[in-house]
Colleague: 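Can you keep this structure in mind? I'll have questions shortly.
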Amino acid sequence: MADWLAWLAGKKTTKSAGAAKDRLKLVLINDRTDLTPAELESMKNELLLVISRYIEIDSNAVRIDMTQEGRQQRLLADIPIRAASRRTR
Amino acid sequence: MSATVITVTSGKGGVGKTTTTANLAVALAAGGQKVVCIDGDIGLRNLDVILGLENRIVYDLVDVVEGRCRLKQAMIRDKRLQELYLIPAAQTRDKNAVSPSDMVRLTDDLREEFDWILIDSPAGIERGFRNSVAPADTVLVVTNPEVSAVRDADRIIGLIESEEKGPAKLILNRVNQEMVKRGDMLTPADVLELLAVELIGIVPEDDHVIMSSNRGQPVALDPKTRAGTAFHHIARRLKGEDVPFMNLEVKEDIFQKLSRLIRPGGN
Ligand SMILES: Nc1ncnc2c1ncn2[C@@H]1O[C@H](COP(=O)(O)OP(=O)(O)OP(=O)(O)O)[C@@H](O)[C@H]1O
Ligand SMILES: [Mg+2]
């Protein structure tokens, strides 16, 4: 609401704190797990590859995220499984 | 009496460890507690000048450890606060002149006589850090609301945990409320969410900190200053008091005042 006044005063509203927080979240995950973003990505891909050897998964709806619980990192995977299309073996 | 040993450390340098150590020492001593602070930053001593005691140094920490003087001889008594002492660091020696077990022995000798032993640690993860943390009962990590400082704080908090000196408590220093308000500085809540540690103090950015360091009169000697108040609050929290976190409101500028007049209650 004071935005137009700030504008009048010639101040820019940049809101750079959000960028700092988002970037720090990722950096801290990398630091704490000692995994680079690329390694994390390839770990996810391998994981899915192994799982899909046994069951059919909905790869578009898969979510694998590093989360934080206190100072503990946790890898959370939510992997929807396609309805069993009766094994034909 | 059996002192509590508090070590003040950080990941990144220059975030305010020495300022914090000096001011907590002053605030605790002003409250009638018996305090000794030890400069653990061998080779880069600074606690003496921040406390304004640099002209009274005869012996230092390394002299004590190497047996060139008795512990008492290296303790400088403050003239403003009767129960405040400093053991200065050596300026011309290497940090390897002291070991973690030397520090444990030294603080054990002091524990009986004091309520608080405060250690000003150097930044980083090397010998000086391990020396300073070895005797700690509680470790305070100082950081600024800035990307690099928060990142390095996370690393040091992890190290403190793995040295079994955790959980560390956090002091967020140099918070600029104006920048927070306009969304250009991480808020205390942001930093706490990222680091997931207990907060023990928020210290505002305050010109009085530099003005008082110019004079060698720590800002906590004047509790009317905002930074001084913040350090007094932290000292009381260390003593176990439940002190609410202070409102870091800055003086409104003319435009903020105007906008409140136009839409009272808004903002
Ligand atoms: N709350 C504050 N407001 C304004 N200036 C501050 C504040 N806290 C610290 N400073 C200034 O920041 C600078 C660094 O502070 P200080 O020497 O305490 O940091 P440090 O962590 O001990 O540094 P080092 O890692 O080199 O030992 C000093 O010039 C000090 O005056
Ligand atoms: Mg320092």
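Just so we're on the same page: letters track the sequence lines, and every chain starts at 1.
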Colleague: What part of B/Val197 gets closer than 4.5 Å to chain A, counting heavy atoms only: side chain, backbone, both or neither?
Modeller: side chain
Colleague: Counting only N and O atoms by type, is there a donor-acceptor contact under 3.5 Å from the side chain of B/Arg151 to the main-chain atoms of A/Leu28?
Modeller: no
Colleague: Tell me, for B/Glu193 versus chain A, whether the close heavy atoms (under 4.5 Å) come from the side chain, the backbone, both or neither.
Modeller: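 Interface part for B/Glu193: both.
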Colleague: Mark yes when over 12 heavy atoms from residues, nucleotides or ligands other than B/Glu241 sit less than 6.0 Å from its CD; otherwise mark no.
Modeller: yes
Colleague: Can you name the closest pair of heavy atoms from B/Asp184 and A/Ser16 and give their distance?
Modeller: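 Answer, listing the atom of B/Asp184 first, then A/Ser16: OD1-N, 2.7 Å.
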Colleague: What's the shortest heavy-atom distance between B/Ala196 and A/Gly70, and which atoms?
Modeller: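 Taking every non-hydrogen atom into account, CB-O, 3.3 Å.
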Colleague: Other residues, nucleotides and ligands only: do more than 12 of their heavy atoms fall within 6.0 Å of CD on B/Glu126?
Modeller: no
Colleague: Regarding A/Asp31 and B/Arg155, does a basic nitrogen lie under 4.0 Å from an acidic carboxylate oxygen?
Modeller: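 B/Arg155 and A/Asp31: not salt-bridged.
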Colleague: If we define contacts as heavy-atom pairs under 4.5 Å, which of B/Leu186, B/Asp154, B/Thr187 has the most with chain A?
Modeller: B/Asp154
Colleague: Counting only heavy atoms not in B/Asp137, do more than 12 sit closer than 6.0 Å to its CG atom?
Modeller: yes
Colleague: Any idea which heavy atoms bring B/Leu194 and A/Lys21 closest together, and the distance?
Modeller: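 The pair with the smallest heavy-atom distance is CD2-O, 4.1 Å.
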Colleague: Is it the case that over 12 heavy atoms from other parts of the model lie below 6.0 angstrom from the CG atom of A/Asp34?
Modeller: no
